[in-house]
Amino acid sequence: MVKDPEHTVWIGLEYFCAEGDKFWNMTEEEHVKLTTEELLRMGVLGSADDVEDSHREKIKKAYPAYFDTYSEMDKLVDYLSGFDNLYCMG
């Protein structure tokens, strides 16, 4: 995912909003500025110049209900655990 994995990392951020609200309607530039400022405040980034690239996906109605599938969660965790460089949080 990154050209130089020894010196760079990929960070995925997830924001919740409603279609048509202020956050949903931000331009790409506004979104990058806001998220960069948040990462700076949290101490994740040392400088805004640390951001080399960005990509935003806006997904309508992103989270379906997972009724009757929680019993299968162990299979999913086992599968994802097979990737040494994947850290699932949340």
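Scanning both residues, T27 and R56, for their nearest heavy atoms gives C-NH2, 3.7 Å. Smallest separation of non-hydrogen atoms from T35 and V32: OG1-O, 3.2 Å.
V9 and M42 fall within a single hydrophobic cluster, where Ile, Leu, Val, Met, Phe, Trp and Tyr are joined by side-chain heavy atoms under 4.5 Å apart, directly or via other members. Neither F16 nor L13 shares a network with the other; the hydrophobic side chains, linked directly or stepwise wherever heavy atoms of I, L, V, M, F, W or Y lie under 4.5 Å apart, form separate groups for each.
Put simply, the side chain of D21 gets close to the backbone of A18: a donor and an acceptor are under 3.5 Å apart.
Summarising the hydrophobic clusters (Ile, Leu, Val, Met, Phe, Trp, Tyr; side-chain heavy atoms under 4.5 Å, direct or chained), the residues clustered with W24 are none.
There is no side-chain donor-acceptor pair under 3.5 Å between H31 and E29.
The distance from atom CG of L76 to atom CG of D78, rounded to the nearest 0.5 Å, is 9.0 Å. With values rounded to the nearest 0.5 angstrom, K58 atom NZ is found 8.0 Å from C17 atom SG. With rounding to the nearest 0.5 angstrom, the CG atom of L80 is 10.0 Å from the CE atom of M73.
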Open item on the list: Could you walk me through whether K33 and E30 satisfy the salt bridge (Lys or Arg N to Asp or Glu O under 4.0 Å) test, starting with their C-alpha distance in whole Å, then the side-chain angles of each, then the deciding distance to 0.1 Å, before giving a yes or no?
Closed with: CA-CA 5 Å; K33 183 177 187 286; E30 291 170 327; over 6 Å; no

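Proximity of T8 to K3: side-chain heavy atoms (C-beta onward) are nowhere separated by under 4.5 Å. Side-chain contact between E38 and Y15 is present, with at least one heavy-atom pair separated by less than 4.5 Å.
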Which donor-acceptor pairs under 3.5 Å do side chains of residues 46-54 form with protein atoms, sequence neighbours excluded?
| from | atom 1 | to | atom 2 | distance (Å) |
| --- | --- | --- | --- | --- |
| S47 | OG | D49 | N | 3.0 |
| D50 | OD2 | G46 | N | 3.0 |
| D50 | OD2 | S47 | N | 3.1 |

